[in-house]
Amino acid sequence: MNTHSVEAASSSSDIFSSTFLIGSVGAPFVIGLAVGYFAKKMLRTALFLGGATIVLLFVAEHYDVIDITDEKLQHAASAAAEAAKSSGGFLVERLTSITSKGASGVGGFFVGLKLG
């Protein structure tokens with residue numbers, strides 16, 4: 001009569017069951033992998049567009065269209081670096097909350113960064 005409740009209790013506490021591993025390790029790893037891959041691709045795209053913008057500013061300065069000071073350029077670059085740093089920290093913090101330990105989501109994130 002009570003065999004279903006005993007089996008359900010033992011299968012939910014079995015850390016080697018496929019249901020537990022896919023839900024607690026596999027899915028968060030894949031989510032972290034996708035987020036890390038996307039984050040690296042977007043960072044590369046942002047760096048490309050930022051570099052193109054700086055080159056256009058230098059060309060405009062060369063032809064006396066605008067005047068750029070080094071301090072303003074360095075301030076803009078440091079502000080962009082801080083924004084990228086805070087968004088990366090936000091992503092890692094959010095991935096740690098997917099599972100109880102957060103190791104598989106964050107591990108997937110760093111693997112995605114490496115692959116991207």
Side-chain angles (χ1 to χ4, degrees):
M1 280 178 110
N2 291 335
T3 57
H4 295 311
S5 63
V6 172
E7 289 174 7
S10 67
S11 67
S12 66
S13 63
D14 183 17
I15 62 169
F16 296 112
S17 70
S18 62
T19 306
F20 177 81
L21 288 176
I22 289 174
S24 297
V25 178
F29 181 83
V30 172
I31 291 169
L33 181 74
V35 170
Y37 188 84
F38 176 79
K40 184 161 184 186
K41 292 297 182 183
M42 288 308 299
L43 178 64
R44 293 180 76 186
T45 303
L47 287 174
F48 176 78
L49 293 175
T53 303
I54 291 171
V55 168
L56 288 174
L57 289 172
F58 287 163
V59 169
E61 182 184 37
H62 177 73
Y63 289 109
D64 293 326
V65 176
I66 60 172
D67 185 35
I68 302 172
T69 63
D70 292 340
E71 293 81 26
K72 288 182 182 178
L73 190 60
Q74 288 176 355
H75 183 311
S78 65
E82 282 298 318
K85 186 179 177 181
S86 68
S87 68
F90 163 75
L91 290 175
V92 170
E93 180 182 324
R94 178 62 178 102
L95 286 171
T96 57
S97 68
I98 291 177
T99 59
S100 61
K101 302 250 187 227
S104 87
V106 173
F109 177 76
F110 288 119
V111 169
L113 280 178
K114 180 72 176 166
L115 293 176

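No chain of hydrophobic side-chain contacts below 4.5 Å, direct or via other Ile, Leu, Val, Met, Phe, Trp or Tyr residues, connects Leu47 to Leu49. Put simply, Ile31 and Phe110 are part of the same group of oily side chains (I, L, V, M, F, W, Y) that touch within less than 4.5 Å, one to the next.
In this structure, CZ in Arg94 is found 7.0 Å from CZ in Phe90, a value given to the nearest 0.5 Å. Atom CZ of Phe109 is separated from atom NZ of Lys40 by 11.0 Å, given to the nearest 0.5 angstrom. Rounded to the nearest 0.5 angstrom, Ile66 CD1 and Leu57 CG are separated by 4.5 Å. In this structure, Leu113 CG and Leu33 CG are separated by 9.5 Å, a value rounded to the nearest 0.5 Å. Rounding to the nearest 0.5 Å places NE2 of His75 at 10.5 Å from OG1 of Thr69.
With contacts defined as side-chain heavy-atom distances shorter than 4.5 Å, the pair Phe48/Arg44 does not qualify.
For Phe58 against Ile68, the heavy-atom pair with the smallest separation is N-CD1, 4.4 Å.
Crowding of Glu93 atom CD: a count of heavy atoms from other residues, nucleotides or ligands under 6.0 Å not exceeding 12.
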